[in-house]
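Before any comments, here is the structure.
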Amino acid sequence: MAYVRPIMTGGEPVLRRVAKKVDPKEISDPLFQQLVDDMFETMYAAPGVGLAAPQVNVSKRLFVIDTGEDEEHPQGTKHAVINPKIESAKEEVELHEGCLSVPGFIGDIVRYERVTVTGLDRHGKKLKLEGCDLFAQALQHEIDHLNGVLYIDKAKNIRKPAPKEEQEEEEM
Ligand code: ZN
């Protein structure tokens, strides 16, 4: 059974802390597996395309992501990623971005268009993810959360979205 957990917003200190590395021995712990299940449940309920552990008040280097299928990922992009590291990044682009922890706003932010991220999956196996566009954007956004960084620290023109922008906006 998975449960929707409350999403931390605004000035909660956990959102500003550098999250702790997960000990690989901890991954098989049922409580850790429950956390992963609950994070997926919370992300889908929000709804969002990514969610980092600090957003549910757990200061650990873990996030979940699902930006759906794309050309490079016909099997989808649903992953839990533990102790992630950006291995490479290229081509800066300016994008709109919103965050479940900063509800009701969007901003314009410069992100890398393509990134490669390594880490561990929820079974403790090595994982390598590569992608572009929304998938790459969400990977960078979630890793920022693990470093206590919110998109509003980097974005320009932070605003309440116009109705059309609101429809198009994916939160993470
Ligand atoms: Zn966020």
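Note that ligands are numbered from 1 as they come in the structure, with each ligand's atoms numbered from 1 the same way.
For H141 atom NE2 and H145 atom NE2, the angle they make at the Zn ion (ligand 1) is roughly 100°, to 10 degrees. Rounded to the nearest 10 degrees, the angle O (M172) to the Zn ion (ligand 1) to SG (C99) equals 100°.
Under the side-chain hydrogen bond (donor to acceptor under 3.5 Å, both in side chains) rule, T118 has a single partner from E87, K85, K128, which is E87. Of the candidates E169, E165, E97, E165 is the only one forming a salt bridge (Lys or Arg N to Asp or Glu O under 4.0 Å) with R159.
The Zn ion (ligand 1) lies at 2.8 Å or more from every N, O or S atom belonging to S101.
In this structure, CD1 on I86 lies 7.5 Å from CG on D144, to the nearest 0.5 angstrom.
Ion pair K156/D108 not flagged as a salt bridge, since none of the NZ, NE, NH1 or NH2 atoms sits closer than 4.0 Å to an Asp/Glu carboxylate oxygen.
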